[in-house]
Structure formats: structure tokens, C-alpha cells
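Chain letters run A, B, ... following the sequence lines, proteins first and then strands; every chain starts at 1. What you see is a predicted model, and the numbers here were worked out from it, not measured in a lab.
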There are 2 protein chains.
Amino acid sequence: MISVFIVDDHPVVIEGIHSLLQNEKDIAWVGQAMNAQSCLGFFVNNTADVVLMDISMPGMDGVELCAVMKEKYPGIFILGLSAFNQGLYIKKMMENGASGYILKNSSKEEVIKAIHAVSDGNIFFSGEVGQVLAAYQKYSATELPLLTPREKEVLELIAEGYTNPQIAEKIFLSPFTVDSHRKNLLAKLQVKNTASLIRLAVEQKLI
Amino acid sequence: MISVFIVDDHPVVIEGIHSLLQNEKDIAWVGQAMNAQSCLGFFVNNTADVVLMDISMPGMDGVELCAVMKEKYPGIFILGLSAFNQGLYIKKMMENGASGYILKNSSKEEVIKAIHAVSDGNIFFSGEVGQVLAAYQKYSATELPLLTPREKEVLELIAEGYTNPQIAEKIFLSPFTVDSHRKNLLAKLQVKNTASLIRLAVEQKLI
DNA sequence: GAACGAATCACTGTTTCGGGTGATGCATAC
DNA sequence: GTATGCATCACCCGAAACAGTGATTCGTTC
């Protein structure tokens with residue numbers, strides 16, 4: 001018998017998973033929470049084998065909550081849950097000790113399979129998730145490269161649509177210098193042009 | 001008695017809404033679909049008072065489906081449904097005849113209230129949605145930057161770091177054509193270069 | 001069948017970007 | 001006291017982006 005707890009800020013998702021699992025003989029629903037705080041509150045006096053955890057929640061998000069939970073209760077397996085295939089956050093959650101990740105458009109069978117897999121100590125990914133994860137491997141070994149203050153400043157101005165000469169004028173530098181910072185940004189973040197740079201920056205919340 | 005149909009590609013959402021509504025005496029669940037085609041198929045021989053419709057689905061999305069449905073069956077009220085607060089698409093769906101919009105983190109009470117409201121011919125918005133809509137007013141007066149399929153395709157490839165010639169080769173077009181789409185993107189979204197374009201696209205979840 | 005938008009292609013400029021290469025001054029770190 | 005990293009500036013050059021203008025085809029709508 002596997003005891004399952006869910007934390008998600010979407011009531012319909014909680015209801016949906018609950019409904020999917022209610023006829024499973026070897027899965028027991030032990031509780032639910034709509035935010036990180038109430039989840040942590042539950043585990044003060046209770047426990048569960050597997051926690052289904054939404055990645056994006058108001059306040060503390062799944063990535064943080066995952067770290068806190070695994071630190072306090074290393075024996076509990078955490079299964080990430082998200083509506084979209086957000087490779088970066090999936091990666092971070094895995095680094096924080098999650099045992100797998102499923103999408104909200106997973107079938108009933110897939111959800112149950114995932115719960116069984118992680119409760120046995122295995123790692124489980126939805127098929128699609130695995131593919132996306134691969135795309136983010138370049139950052140798995142190292143952390144995201146650290147930008148210098150100047151680089152961040154230039155990055156933000158690029159993101160606001162300014163050209164090198166405009167940025168140079170704005171922060172009283174030579175256009176050559178701005179261009180140097182720009183090239184360093186491309187090199188550090190391993191992207192080949194402005195489009196990729198800005199996409200990465202926004203997605204990683206660098207700006 | 002209000003008959004309700006739901007179309008959403010996430011099984012757990014369908015389950016969740018179903019579960020929320022099953023004890024409501026004046027709401028009847030008449031069916032469900034996981035994509036636009038099967039939704040349209042249902043309405044050939046059946047009907048409903050209110051259709052809960054996800055905004056983002058594979059194939060034809062909610063915005064298009066909404067237009068088709070309202071054109072064929074003007075008497076059916078459509079209630080948009082999405083996990084996120086996507087102002088641009090909410091606006092477009094409203095223009096296509098939707099009667100309201102709720103977020104997937106709405107409470108049971110809010111969902112039921114919304115269904116009653118739209119079935120009476122009223123307009124209903126989740127509180128948060130209304131606020132975000134206001135932020136998009138700049139687009140409401142002028143043209144709506146709703147992108148064509150081709151433009152979306154080009155936008156995504158730009159965001160992946162491909163240049164015009166590379167995109168042209170990838171989707172079998174002349175580089176001139178790709179450049180045209182690119183210029184249209186800049187014009188439609190009122191941005192002045194690639195950096196701003198990608199930033200807007202990522203932040204607005206256009207990609 | 002006129003009007004419209006989407007999609008396609010074309011040419012000409014100018015500006016900006018991006019790759020390469022290299023230099024200097026100035027901290028701090030070891 | 002030298003190694004390292006940051007910040008600054010400089011030049012060349014080809015590729016790409018951006019601006020402007022204009023055209024054709026096709027399907028849909030009215």
C-alpha cells in the first residue's frame with residue numbers, strides 16, 4: 001500500500017488526481033495541500049510514501065519545497081507535476097532530490113505507473129519530459145555561469161531593445177566595450193545570437 | 001438544469017471539473033473531449049448549454065475552436081479555461097464570442113458561479129483575469145497582434161537561434177519570405193529588434 | 001467579382017551583430 | 001609579486017538584421 005499526498009494550487013488538479021486514484025487498491029490518499037506551508041504543516045504530524053508536487057505555486061514553489069522536504073524527510077519520494085514541459089525547473093527539482101516528473105496531460109495509467117516506480121526508489125519521467133531534459137544537459141554539470149555586474153547591466157539593456165551604440169551612450173562607455181560585454185555574454189551562456197541570449201535570459205529569470 | 005460539456009487535453013483537469021460538478025443538482029455533465037475535432041464531432045448530434053474550453057490544445061486551439069463553435073451554434077455559451085493568465089488569448093477568445101474566462105486554480109465555488117453566470121447570458125471573469133486584461137489594453141484599441149501560423153512557426157525558430165537563411169532552408173521557403181514574416185512580427189508586436197521580440201514572446205508565452 | 005488577408009518572393013540600401021585578435025589598467029587573491 | 005579576473009578600448013570583416021517598397025497567388029468573405 002502506497003500512501004500518496006498531493007500539493008498543488010489548482011483544485012481541479014487535486015480533484016482530478018484524487019479521482020484517478022480512488023479506485024486503486026494499493027494506493028492510499030492521505031492528504032492534500034494547496035501551498036508549501038500547508039504541505040509542511042501536514043508532515044509535522046503525518047507522513048506519506050510519495051508526494052505529488054506541482055512545480056509552480058504561489059509563495060514557495062515546487063523547486064524550493066522539494067529541497068526543504070527532502071532535507072527534512074529524505075525517505076519521502078517526490079514526484080514533480082506540471083502542466084508544461086519546463087526543462088529547467090524539472091532539472092532543478094531533480095537536483096533537489098525529486099524522483100521523477102510527470103505532465104498533467106499524462107494518462108491515468110502513466111500517473112499510476114509513475115507512483116509505483118518512485119515508491120520503489122526508481123526514477124520516472126514522462127516520455128516527453130525525458131527529451132526536453134536532454135536539451136538542458138549542457139547546464140547540468142556546471143551551474144549557470146555567473147555574470148559580472150557589467151554584463152548583467154548590458155544584458156538588461158539589450159533585452160530592452162537597445163543597440164550597442166545606444167547602450168554605450170546610456171552608460172558612458174565605448175561601443176567597443178559594450179560589444180565586448182555582449183560577446184562575453186554569448187560565450188558564457190553558450191548561445192550563438194541575440195535571440196537565443198534573450199530567450200535564455202528570460203527563461204532563467206536573469207533579467 | 002444546465003448541461004455542461006468540457007474540452008481540455010489534460011485528463012486530470014477533465015476529471016477534476018467532473019468531480020467538482022458531480023454533486024451539483026442543477027448542473028448536468030453531458031460529455032467531454034480532449035481536442036477540437038472530437039468536440040465538434042460531439043455537437044453534430046448533441047448539444048450543451050455551456051462549454052468549458054481550454055485555451056491551449058494540440059491542433060486547433062481554444063481561440064479557433066471558440067470561433068467555429070459560436071459560428072455554428074451561437075446559442076451555446078463558452079467559458080474559457082486556462083492554467084495561466086494569458087491576456088492576449090483571453091482577449092481574442094472573447095472577441096470570438098466566449099462568455100468568460102476562469103483560471104484552473106479557481107475554487108469549486110468560482111467554477112460553479114461562472115457556469116451559472118454564463119448560462120444566464122452574463123459575462124464572467126476570474127478576479128485575476130480582469131486585472132491582467134487591463135494590462136493588454138494597449139493592444140485592444142489598435143490591431144490585435146494575433147499571429148498567423150506561419151508567423152508563429154518563424155518566431156519559434158528565431159527563438160531557437162536560427163538565422164533567416166537557416167529558417168528558410170528548414171521550412172523550405174525563400175530567405176526573403178522568412179524575412180517578410182520576421183518584419184511582420186516586429187511590426188505586429190510593435191518591437192524594434194530581435195531582442196525585444198524574443199523577450200516579449202517568452203514573457204507572453206507566445207512560444 | 002471585388003475586397004481582403006495570408007503567404008509567397010524580390011531588390012536595395014544601411015545598420016548592427018558576431019568572430020577573431022589583441023591591448024591596457026586595476027584590483028584582489030594566493 | 002605574480003596570477004587571475006574584471007573592465008576598458010580598438011580594429012577588421014563577413015554575415016545577419018532591419019527599413020522600405022513592391023509584387024503575385026490563393027482562398028475566403030461579402
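- Distances shown here put a side-chain N or O of A:H181 below 4.0 Å from the OP1 or OP2 atom of D:dT8.
- Between B:L21 and B:I115, the closest side-chain pair of non-hydrogen atoms falls below 4.5 Å.
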Inset, instruction - Go along nucleotides 19-30 of chain C 5' to 3' and tag each nucleotide: B for a protein heavy atom under 4.0 Å from its base, S when only backbone or sugar atoms are that close, - otherwise. - result: BB----------

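- Side-chain N/O atoms of A:T194 include none lying less than 4.0 angstrom from OP1 or OP2 on D:dA17.
- If you measure from atom CZ of B:F176 to atom P of C:dG13, you get 13 Å, rounded to the nearest angstrom.
- Put simply, A:T177 has no side-chain N or O that comes within less than 4.0 Å of OP1 or OP2 on D:dA10.
- A search for salt bridge (charged side-chain N to carboxylate O under 4.0 Å, His left out) contacts involving A:R182 returns nothing, not counting sequence neighbours.
- Within the 4.0 angstrom heavy-atom criterion, no nucleotide atom of any strand lies near B:P175.
- Between B:T148 and C:dG5 there is no side-chain polar atom (N or O) within less than 4.0 angstrom of OP1 or OP2.
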Give the table of side-chain donor-acceptor pairs shorter than 3.5 Å for residues 40-53 of chain B, with sequence neighbours excluded, one pair per line with atom names and distance.
from: B:N46; atom 1: ND2; to: B:F42; atom 2: O; distance (Å): 2.8
from: B:D49; atom 1: OD2; to: B:S3; atom 2: N; distance (Å): 2.7
from: B:D49; atom 1: OD2; to: B:S3; atom 2: OG; distance (Å): 3.1

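- Annotation: salt bridge (Lys or Arg N to Asp or Glu O under 4.0 Å) contacts involving residues 165-179 of chain A, sequence neighbours excluded, comprise A:D179-A:K183.
- Listed by chain and number, the residues in a salt bridge (charged side-chain N to carboxylate O under 4.0 Å, His left out) with B:E153 are B:R150 (sequence neighbours excluded).
- Expressed to the nearest 0.5 Å, how far CD1 of B:I76 lies from SG of B:C66 amounts to 11.0 Å.
- When all heavy atoms of A:F77 and A:S119 are compared, the closest pair comes out as CE1-O, 3.7 Å.
- In this structure, A:I198 places its CD1 atom 13 Å from C1' of C:dC17, rounding to the nearest Å.
- Under the side-chain contact (heavy atoms from CB on, under 4.5 Å) criterion, A:L186 pairs with A:V191, A:L197, sequence neighbours left out.
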Pairs under 3.5 Å (N/O, protein and nucleotides 24-27 of chain D):
none

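- In this structure A:S19 satisfies the side chain to side chain donor-acceptor pair (under 3.5 Å) test together with B:E15, sequence neighbours excluded.
- Between A:T148 and A:N184, every side-chain heavy-atom pair lies at or beyond the 4.5 Å cut-off.
- Rounding to whole angstrom units, CG of residue B:N184 and P of D:dA19 are separated by 12 Å.
- Along DNA chain C, the nucleotide nearest A:A195 and the nucleotide nearest B:L173 are compared for position; the residue whose nucleotide lies closer to the 5' end is B:L173.
- B:T177 pairs by the side chain to side chain donor-acceptor pair (under 3.5 Å) definition with nothing, not counting sequence neighbours.
- Residues A:V154 and A:E151 have side chains not in contact (no heavy-atom distance under 4.5 Å, counting atoms from C-beta outward).
- Between B:E151 atom CD and C:dA7 atom P the separation is 6 Å, expressed in whole Å.
- With sequence neighbours excluded, the residues that form a side-chain contact (heavy atoms from CB on, under 4.5 Å) with B:E156 are B:I207.
- An end-to-end axis angle of 50° holds for the helix from C:dG1-D:dC30 to C:dC30-D:dG1, taken from five base pairs per end and rounded to 10°.
- Listed in residue order, the members of residues 157-169 of chain A having a heavy atom less than 4.0 Å from DNA chain D come to none.
- Distance CZ (A:R182) to P (C:dT16): 11 Å, rounded to an integer number of Å.
- Taking 4.5 Å as the limit, some side-chain heavy atom of B:D26 sits within range of a side-chain heavy atom of B:H116.
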